Amino acid sequence: MEGVRQRRKAKPPEVLVDFQSWNFAIENIAFKKVFLWHGDQDRIISPALAHLLGQGLPQCTAIFYPDDGHISLIANHAQDILKAMRS
């Protein structure tokens with residue numbers, strides 16, 4: 001949580017580091033399976049960015065939970081996530 005606390009005080013140039021180019025194309029990531037779970041109520045990581053990531057990753061199974069946020073997603077759906085990871 002310390003990182004979140006400090007981020008609130010970050011100056012704009014420091015915050016922009018999060019949005020710089022990754023220097024690779026996500027379309028070129030080669031895995032047999034990629035899973036992405038995200039809560040649409042997340043206030044730490046933008047749901048819009050997660051949706052874009054899910055669309056761009058090849059072989060991605062993206063599941064979005066409209067009523068969950070950053071922590072509640074894991075608390076409410078851990079069993080489903082672990083089951084998918086075992087498959």
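These figures come from a predicted structure and were not determined experimentally. These values consider heavy atoms only, across backbone and side chains, with no hydrogens, waters or symmetry-generated copies.
K33 places a side-chain N or O within donor-acceptor distance of the main-chain N or O of S87, the cut-off being under 3.5 Å.
I74 and I45 end up in different hydrophobic clusters when Ile, Leu, Val, Met, Phe, Trp and Tyr side chains are linked at under 4.5 Å. Under the 4.5 Å side-chain contact rule for hydrophobic residues, L82 and W37 do not share a cluster. Under the 4.5 Å side-chain contact rule for hydrophobic residues, I26 and V34 share a cluster. Residues M85 and F31 do not share a hydrophobic cluster, clusters being chains of Ile/Leu/Val/Met/Phe/Trp/Tyr side chains in contact below 4.5 Å.
Taking every heavy atom of both residues into account, A50 and L36 meet most closely at O-CD2, 3.5 Å. Of all non-hydrogen atoms in I29 and P58, the two that sit nearest each other are O-CG, 3.4 Å. Nearest heavy-atom pair across Q59 and K32 is CB-O, 3.5 Å.
Scored by the side-chain contact (heavy atoms from CB on, under 4.5 Å) test, A25 finds E27, N28 as partners (sequence neighbours excluded).
With rounding to the nearest 0.5 angstrom, the CG atom of L52 is 8.0 Å from the OG atom of S46. Between the CD atom of Q41 and the CD1 atom of I71 there is a distance of 14.5 Å, given to the nearest 0.5 Å. How far CD1 of I81 is from CZ of R86: 11.5 Å, rounded to the nearest 0.5 Å.
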Side-chain donor-acceptor contacts of residues 60-70 below 3.5 Å, not counting sequence neighbours, with atom names and distances?
unit_1, atom_1, unit_2, atom_2, d
D68, OD1, S72, OG, 3.1
D68, OD1, N76, ND2, 2.6
D68, OD2, H77, NE2, 2.7
H70, ND1, D42, OD1, 3.4
H70, ND1, D42, OD2, 2.8

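More than 12 heavy atoms of other residues, nucleotides or ligands shown are found within 6.0 angstrom of CZ on F24.
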